**Student:** 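What follows is a structure written as structure tokens; I'll ask about it next.
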Amino acid sequence: MKQFFSTNDIVSLSHIIKTALECKENPFGNEYIGKHKTLGLIFLNPSLRTRMSTQKAARNLGMEVMVLNMGTEGWALETREGVVMDGANAEHIKEAAAVMGSYCDVLGVRSFPKLDSKEEDYSDDLFFKFANYCKKPILSLETATRHPLQSLTDLITIIEQGEYFYDAEKGNYIPKVRKPKVVLSWAPHVKALPQAVPNSFSEWMCRAEAEGLVDFVITHPEGYELDEEFTKGAAITTNQVEALKDADFVYVKNWSSYEDYGKVLSMDSNWMLTLEKLEATNNAKVMHCLPVRRDLVLSSEVLDSDHSIVIEQAGNRVWAAQAVLTEMLTHNK
Ligand code: CP
């Protein structure tokens, strides 16, 4: 694997999930495959989970890790081609990425959208320029459009917490009884947040649905439709009550409008998930990528209840990262 940016970079969902769950079972089973290899993690934005879990995963594989908080500690990057660099940006991405590529065997990059221009954000220009100029395998630590390490984690968590068996002959996970109903439910927030997590979750769940693993439903207020590129095959409704009925997993997330790009159109607290709303579900497990604002996005009563699996979910970030790094270290031709 030379790039981990979207579900398109994964040949088999079941294979990568199985690799991740094997890493969880035996974290040091491949502790030498990264010996004398260096992972560089480049953050243009803050992170807790992605930073710590990816470092832990790399070290479990014997890799050295270098972390650069580019947004606060690195030189300001110029990403445009053919401009006279007489402004605030001191270093061109051509040199910066090439130099980092010369120090590292694998690079990870986090770069959030500015939420000013849909076209600019959805080009994921910085990630692809990094990929082009560093000339090393590269993984997304979250870009403007997607958060694939989070989405792989989410799918691993659903397979682990749901009822599936692994058919070794076919190389597939199969639901034991029926496909679980997975609901992505928009939640209110005071700030304009990117669409990366819901885009990515939706993309991965649509593929999981196509492969017979889940039934997927998205619910949000009017005006919060995601880019159709990410939601093909999903059932979409503005009726949250209807969506939650018989749900097995509820994934709670805020995002800003895609259509009215980057705008907060609603802060309706009626969209916050409560224990009362969960009564209509099939004793659903509640997920969130974290960080989460308590009693704004998700009620404390839900977060502190047995419904919540957010800590187990965050724990699985390590195994998702370890599975992806394992692929990059072993199949990177
Ligand atoms: N979920 C997630 O990516 O967390 P961080 O932003 O803390 O890395």
Side-chain angles (χ1 to χ4, degrees), residues 4-7 9 20 24 39-60 65-73 106-115 121 124 126-127 138-158 160-161 182 184-187 189-205 230 249-256 273 285-294 296-298 302-303 308-325:
F4 185 62
F5 173 75
S6 79
T7 180
D9 299 311
K24 186 168 186 173
L39 172 67
L41 298 177
I42 317 301
F43 288 93
L44 284 96
N45 308 95
S47 167
L48 185 160
R49 281 142 289 271
T50 306
R51 176 191 306 264
M52 294 181 77
S53 62
T54 312
Q55 287 187 67
K56 186 169 171 65
R59 294 205 170 106
N60 286 350
V65 187
M66 295 196 285
V67 180
L68 177 62
N69 298 312
M70 194 87 193
T72 51
E73 296 163 354
V106 178
L107 277 168
V109 176
R110 165 168 282 200
S111 171
F112 289 172
K114 296 187 184 79
L115 295 178
D121 289 345
D124 269 329
L126 187 129
F127 179 85
I138 186 163
L139 65 151
S140 162
L141 304 174
E142 186 173 342
T143 69
T145 59
R146 293 169 173 88
H147 194 355
L149 282 174
Q150 181 65 54
S151 308
L152 172 56
T153 300
D154 301 334
L155 183 55
I156 291 164
T157 307
I158 288 167
E160 186 184 38
Q161 301 255 348
V182 177
L184 169 62
S185 186
W186 182 91
H189 201 291
V190 287
K191 289 177 68 179
L193 298 192
Q195 296 102 30
V197 169
N199 280 347
S200 200
F201 183 73
S202 180
E203 182 176 61
W204 284 71
M205 286 305 121
F230 302 98
F249 293 89
V250 183
Y251 197 99
V252 178
K253 186 70 185 86
N254 168 267
W255 62 90
S256 60
L273 192 65
K285 298 179 194 310
V286 175
M287 304 174 72
H288 188 285
C289 61
L290 304 181
V292 65
R293 292 185 183 227
R294 281 174 169 256
L296 176 72
V297 174
L298 195 45
V302 171
L303 275 167
S308 171
I309 56 168
V310 298
I311 304 302
E312 293 89 336
Q313 183 186 355
N316 281 339
R317 289 293 306 267
V318 176
W319 318 117
Q322 196 164 326
V324 170
L325 289 171

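What you see is a predicted model; the values in this text were computed from it and never measured. Each ligand, and each atom within it, is numbered from 1 in the order the structure gives.
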**Student:** Considering only protein heavy atoms, which is closest to atom 6 (O) of ligand 1, and at what distance to one decimal place?
**Tutor:** R110 NH1, 2.9 Å

**Student:** May I ask you to decide if P194's main-chain N or O and S256's side chain share a donor-acceptor pair within less than 3.5 Å?
**Tutor:** no

**Student:** Where does the angle between the aromatic ring planes of W204 and F4 fall among parallel (under 30°), tilted (30 to 60°) and perpendicular (over 60°)?
**Tutor:** perpendicular

**Student:** For ligand 1 and P291, I'd like to know whether there is a polar contact (N/O to N/O, distance under 3.5 Å).
**Tutor:** no

**Student:** In terms of atom number and element, which parts of ligand 1 are under 4.0 angstrom from non-hydrogen atoms of H147?
**Tutor:**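 Result: 2 (C), 3 (O).
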
**Student:** Under a 3.5 Å threshold, yes or no: a donor from one side chain and an acceptor from the other, between N316 and E312?
**Tutor:**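 No, no side-chain donor-acceptor pair sits under 3.5 Å.
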
**Student:** Specify the protein heavy atom at minimum distance from atom 4 (O) of ligand 1: its residue, its atom name, and the distance to 0.1 Å.
**Tutor:**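 Looking at atom 4 (O) of ligand 1, the protein heavy atom closest to it is R49 NE, 2.9 Å.
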
**Student:** Do R146 and S140 have side-chain atoms, one donor and one acceptor, less than 3.5 Å apart?
**Tutor:** no

**Student:** Name the option, out of Q313, R51, E142, R317, that contains the heavy atom nearest to atom 2 (C) of ligand 1.
**Tutor:** R317

**Student:** Which of the numbered atoms in ligand 1 are below 4.0 angstrom from a heavy atom of Q150?
**Tutor:**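 Selected atoms, number and element: 1 (N), 2 (C).
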
**Student:** Using a 4.0 Å heavy-atom threshold (strictly under), name the region of M52 that reaches ligand 1: side chain, backbone, both or neither.
**Tutor:** neither

**Student:** Report, in ascending order of atom number, the atoms of ligand 1 lying under 4.0 Å from any heavy atom of L290.
**Tutor:**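 Listed by number with element, the hits are 1 (N), 2 (C), 4 (O).
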
**Student:** For ligand 1 and L48, I'd like to know whether there is a polar contact (N/O to N/O, distance under 3.5 Å).
**Tutor:**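 Yes; the residue has a nitrogen or oxygen that sits under 3.5 Å from a nitrogen or oxygen of the ligand.
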
**Student:** I need the single residue from R317, R49, M287 that forms a side-chain contact (heavy atoms from CB on, under 4.5 Å) with T153. Which is it?
**Tutor:** R317

**Student:** Should we count CE of M66 as having more than 12 external heavy atoms under 6.0 Å?
**Tutor:**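 For M66, atom CE is crowded (more than 12 foreign heavy atoms under 6.0 Å).
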
**Student:** Name the residue from T50, N45, T143 that meets the side chain to side chain donor-acceptor pair (under 3.5 Å) definition with R110.
**Tutor:** T50

